[in-house]
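Read through the structure below, which is laid out as structure tokens, and then see the notes.
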Amino acid sequence: RRRKSPAKELGEPVALLTRAIELAAQDSGWASLGAIGNTVRQADPGFDPRTYGQRQLSQLVKSYPRLFEVSEETTPGGSLHIYVRLKP
């Protein structure tokens, strides 16, 4: 018999993500995805986006387009930086 994951029983991760974005945001309101990930892991060390059907944190955040705005910037060196803010 398969047991349900405790995280799935808690429902969607919206409250955790929202709080992490609020805590990690700069004065502009934008927070880097890395800072959001660190904040989420501090709040819930067992957090895993795969619990919610997404392979990565970025995909999980993008799965809530009505709540979160995502900006992607590629540096001249080719590095991708992802920033997130709460939609007004």
Side-chain angles (χ1 to χ4, degrees):
R1 221 187 318 178
R2 292 180 63 188
R3 290 178 46 207
K4 283 186 180 179
S5 160
K8 276 206 186 266
E9 290 173 9
L10 294 175
E12 297 180 13
V14 171
L16 181 60
L17 291 173
T18 299
R19 184 74 179 129
I21 292 167
E22 289 172 344
L23 291 171
Q26 303 297 315
D27 290 340
S28 64
W30 290 96
S32 74
L33 189 66
I36 295 166
N38 289 337
T39 304
V40 167
R41 277 188 293 283
Q42 286 175 354
D44 180 359
F47 178 84
D48 187 339
R50 294 174 294 188
T51 303
Y52 305 100
Q54 303 296 333
R55 286 182 47 218
Q56 298 176 323
L57 181 58
S58 61
Q59 293 169 334
L60 182 59
V61 170
K62 289 176 184 177
S63 73
Y64 296 98
R66 297 166 99 183
L67 303 175
F68 309 123
E69 186 174 348
V70 178
S71 172
E72 297 182 354
E73 298 175 11
T74 304
T75 64
S79 296
L80 178 64
H81 294 276
I82 301 175
Y83 299 93
V84 182
R85 72 176 176 185
L86 302 176
K87 283 200 169 174

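Predicted, not measured: the structure shown is a model, and the values here were computed from it.
- The two residues Val40 and Ala20 have their closest heavy-atom pair at CG2-CB, 3.5 Å.
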For Glu69 and Lys87, what are the C-alpha separation, side-chain angles and deciding distance, and is it a salt bridge (charged side-chain N to carboxylate O under 4.0 Å, His left out)? CA-CA 6 Å; Glu69 186 174 348; Lys87 283 200 169 174; over 6 Å; no
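- Note: Gln26 CD to Ser32 OG = 7.5 Å, rounded to the nearest 0.5 Å.
- From Leu33, atom CG reaches atom OG of Ser71 across 11.5 Å, with rounding to the nearest 0.5 Å.
- Leu23 and Leu86 are assigned to two separate hydrophobic clusters, defined by single-linkage of ILVMFWY side chains at heavy-atom distances under 4.5 Å.
- Residues Trp30 and Val70 share a closest heavy-atom pair of CZ3-C, 4.2 Å.
- Here the NZ atom belonging to Lys62 is positioned 10.5 Å from the CG atom belonging to Leu57, to the nearest 0.5 angstrom.
- Residue Glu22 holds its CD atom at 11.0 Å from CG of Leu17, rounded to the nearest 0.5 Å.
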Side chain to side chain contact (heavy atoms under 4.5 Å, CB included), that's the test. Do Thr39 and Ile36 meet it? Break it down for me. CA-CA 5 Å; Thr39 304; Ile36 295 166; 5.8 Å; no
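- Follow the hydrophobic side-chain contacts under 4.5 Å out from Phe47 and you reach Val84 in the same cluster.
- Under a 3.5 Å cut-off, the side chain of Gln54 and the backbone N or O of Arg50 do not form any donor-acceptor pair.
- Between Pro49 and Arg55, the shortest heavy-atom distance links the atoms CG-O, 4.3 Å.
- When atom types are taken as modelled, the side chain of Ser63 and the backbone of Leu60 share a donor-acceptor pair closer than 3.5 angstrom.
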Glu12/Tyr64 under side chain to side chain contact (heavy atoms under 4.5 Å, CB included): CA gap, chis, key distance, verdict: CA-CA 10 Å; Glu12 297 180 13; Tyr64 296 98; 3.4 Å; yes
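- The line from CD of Glu73 to OG1 of Thr75 is 9.5 Å long, rounded to the nearest 0.5 Å.
- Side-chain heavy atoms closer than 4.5 Å link hydrophobic residues (I, L, V, M, F, W, Y) into clusters, and following such links, even through other members, never connects Ile21 to Tyr83.
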